[in-house]
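Side chains included, hydrogens not; waters and symmetry mates left out as well; all remaining heavy atoms used. Throughout, a chain's letter reflects where its sequence line sits, starting with A, and its residues are numbered from 1. Please read all numbers here as calculations on a predicted model, not as lab measurements.
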2 protein chains.
Amino acid sequence: MAYRETEKMRKRKAEARQRIIDCTYECVTEGGFRSARITRIAGLAEVATGTIYRHFESREDLFAEVFRLATEKEITKVTEALNTPGNAAERLEAALRQFSERALRGPVMAWSLLAEPVDPKVEEERLAYRKAYADLFEKTIRHGIEEGCIPEQNARQSSTCLVGAIAESLVGPLSPTHTNQTTNKNDPLVDAIIRFCMQGLTGTRR
Amino acid sequence: MAYRETEKMRKRKAEARQRIIDCTYECVTEGGFRSARITRIAGLAEVATGTIYRHFESREDLFAEVFRLATEKEITKVTEALNTPGNAAERLEAALRQFSERALRGPVMAWSLLAEPVDPKVEEERLAYRKAYADLFEKTIRHGIEEGCIPEQNARQSSTCLVGAIAESLVGPLSPTHTNQTTNKNDPLVDAIIRFCMQGLTGTRR
DNA sequence: ATAAACAGTGAATCATCATTCACTTTTTGT
DNA sequence: ACAAAAAGTGAATGATGATTCACTGTTTAT
């Protein structure tokens, strides 16, 4: 036996893998998945194209992983917002706001995650991602129903509607064709989305 | 001058063009845009592949046209539902029901129109299509506000949310992975979607 | 009948990039 | 120093179908 993977090597490989992921992330942030070329990613990461295939089965797999990671970051943020103090309705509102504002702040990535046409494996990740949001919302709606601040309803269905309403409202402004003006912090768009959603949920105007 | 396009020829060309469109429609109905091959379409339409390019600039253009036509059909149906008797809120509800039920009845095409990843030109059509729905809904919401059956609100924003909520709710059940059981006429899914949407709109539980 | 103008054809071409793999370089234990 | 085992390389390959275009067939007006 002459070669055996050592800690040093494991670390170096992990670093290369991470660099590839980071550079892919960067490319996607610039122009979405479709325009992210393997050669470009390899160039940025300072590895050969072949090396990318030592770390990922295929372009699609690499993209699926990057999608998943980007998604996890977003979900974490929304989860944090859901854990702020307040009743379920208030926390849900904070979460919707967090979601929307983050999307408007990183519009290309948000568009890629929400609406860019992608290959099947990545699309699968997207379905999972949307489901994850719906799950979070659903749980909180159930809490709200127990607490009494949200009326009895089909929590799963309502959470799906929430995800759809927000996504649709953002896709227009996020779309690459739509020239993006500066996003002011307290966007009235976000308020209007939230008003509709909370009303759909609670049946209460404010 | 020896040849000049005559009525007979114009008609024959129009027929071929129509046949190409019909066969593309058929292919999309079976498996969506991605799997619709030019050779297959040409075969069905009984023309050579080259002939397709006498009628359409490119595959993308052909698809965009088919998308537009399929869309127009749907929009017509929803418009009809919006023109039934009743107040604005009731008519809107009828429209949402029409939209959902038609989608569940023709799931592959509905999925292609709503969510299948498509090329940019077709995606553009999709944005137009969604905007067309939003426009219809918006107009009716405005009527409702005048009539007094819908409270004051940002009609444009609400209509966008409606489109998103419905689309998202349907994408799951329509998705090709989701095994489609028989769609019973009075689907509880449709009722739940409509409940959320109408509540978001009117702030009224029923 | 003729020829100009166009429509129809489909095998061959082409474009695009992801992916491969034969080779080089590096690492490791003896 | 040596050789086994990996890791790294990037030019060449390959797969996929859309698209082209040189040619054939049709239509029309004279």
Side-chain angles (χ1 to χ4, degrees), chain A residues 1-21 23-24 27-28 30-67 117-123, chain B residues 1-21 23-24 27-28 30-67 116-122:
Chain A
M1 148 189 29
Y3 177 101
R4 221 167 65 84
E5 190 181 63
T6 174
E7 191 50 46
K8 175 187 165 201
M9 267 297 113
R10 219 189 321 281
K11 195 179 159 204
R12 180 195 290 186
K13 279 204 289 178
E15 279 169 1
R17 189 190 152 90
Q18 190 57 48
R19 212 164 54 246
I20 291 166
I21 288 177
C23 295
T24 305
C27 283
V28 174
E30 276 165 17
F33 288 100
R34 181 185 289 256
S35 73
R37 304 266 163 270
I38 287 291
T39 47
R40 174 94 205 291
I41 294 166
L44 285 176
E46 294 177 294
V47 296
T49 59
T51 304
I52 289 181
Y53 291 86
R54 298 262 178 208
H55 292 276
F56 300 91
E57 281 276 315
S58 68
R59 180 178 121 113
E60 233 184 309
D61 280 281
L62 167 59
F63 284 2
E65 173 116 14
V66 168
F67 192 103
V118 291
D119 288 355
K121 272 187 185 166
V122 182
E123 183 66 25
Chain B
M1 145 191 31
Y3 177 100
R4 220 169 64 85
E5 191 181 63
T6 175
E7 192 49 46
K8 176 187 162 199
M9 266 298 112
R10 219 187 322 281
K11 195 179 158 203
R12 180 196 288 184
K13 279 204 288 179
E15 279 169 2
R17 188 190 152 91
Q18 189 58 48
R19 212 164 52 246
I20 291 166
I21 288 177
C23 295
T24 306
C27 284
V28 174
E30 276 165 18
F33 288 100
R34 179 185 289 256
S35 74
R37 304 265 162 272
I38 287 289
T39 47
R40 173 94 203 292
I41 294 167
L44 285 176
E46 293 176 295
V47 295
T49 58
T51 305
I52 289 181
Y53 291 86
R54 298 264 177 206
H55 293 275
F56 301 91
E57 282 275 314
S58 67
R59 179 178 123 115
E60 233 184 310
D61 281 279
L62 167 59
F63 284 2
E65 173 116 14
V66 168
F67 192 103
E116 185 186 1
V118 291
D119 289 355
K121 274 188 186 167
V122 182

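Between B:E7 and B:T49, the residue anchored closer to the 5' end of DNA chain D is B:T49, taking for each the nucleotide with the nearest heavy atom. Nucleotides of DNA chain C nearest to B:E5 and B:G50 differ in position, and the one nearer the 5' end is that of B:E5.
For D:dG17, neither phosphate oxygen OP1 nor OP2 lies less than 4.0 angstrom from any side-chain nitrogen or oxygen of B:R40. An OP1 or OP2 oxygen of C:dA18 is reached within less than 4.0 angstrom by a side-chain nitrogen or oxygen of A:R37. The shortest distance between the side-chain N/O atoms of A:K13 and the OP1/OP2 oxygens of D:dA6 is not below 4.0 Å. Within the structure, a side-chain polar atom (N or O) of A:R59 is placed less than 4.0 Å from OP1 or OP2 of C:dA18. Side-chain N/O atoms of A:Y53 include one lying less than 4.0 angstrom from OP1 or OP2 on C:dT19. The phosphate of D:dT27 has OP1 or OP2 within less than 4.0 Å of a side-chain N or O from B:R12. Note on B:T51: a side-chain N or O is less than 4.0 Å away from OP1 or OP2 of C:dT9.
When distances are taken from the side chain of A:I38 to each of C:dG8, C:dT28, C:dA18, the shortest belongs to C:dA18.
A:M9 is listed as a side-chain neighbour of A:Y3, based on a closest heavy-atom distance under 4.5 Å.
Rounded to whole Å, the distance from CZ on B:R34 to C1' on D:dA18 is 15 Å. A straight line from CG of B:D119 to P of D:dG17 spans 13 Å, rounded to a whole angstrom. What separates CZ of A:F56 from P of C:dA18 is a distance of 15 Å, to the nearest Å. The separation between A:H55 atom NE2 and D:dA6 atom P is 15 Å, rounded to whole Å. Put simply, CD1 on A:I52 is 16 Å from P on D:dA7, counting in whole angstrom units. In this structure, B:E46 places its CD atom 21 Å from P of C:dA7, rounding to the nearest Å. In this entry the distance linking OH of A:Y3 with C1' of D:dA5 reads 7 Å, nearest Å. Distance CE (B:M9) to C1' (D:dA29): 15 Å, rounded to an integer number of Å.
Between the CZ atom of B:F56 and the CD1 atom of B:I38 there is a distance of 9.5 Å, given to the nearest 0.5 Å.
For the pair A:E15 and A:R12, the salt-bridge criterion is not met [side-chain N within less than 4.0 Å of a carboxylate O].
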Pairs of donor and acceptor atoms involving the side chains of residues 39-50 of chain B, under 3.5 Å and at least two apart or interchain, shall be tabulated with distances.
from	atom 1	to	atom 2	distance (Å)
B:R40	NH1	B:E30	OE1	3.4

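Between the side chain of B:E60 and the main chain of B:K121, a donor-acceptor pair closer than 3.5 Å is present.
A donor-acceptor contact under 3.5 Å links the side chain of A:R54 to the base of D:dG8.
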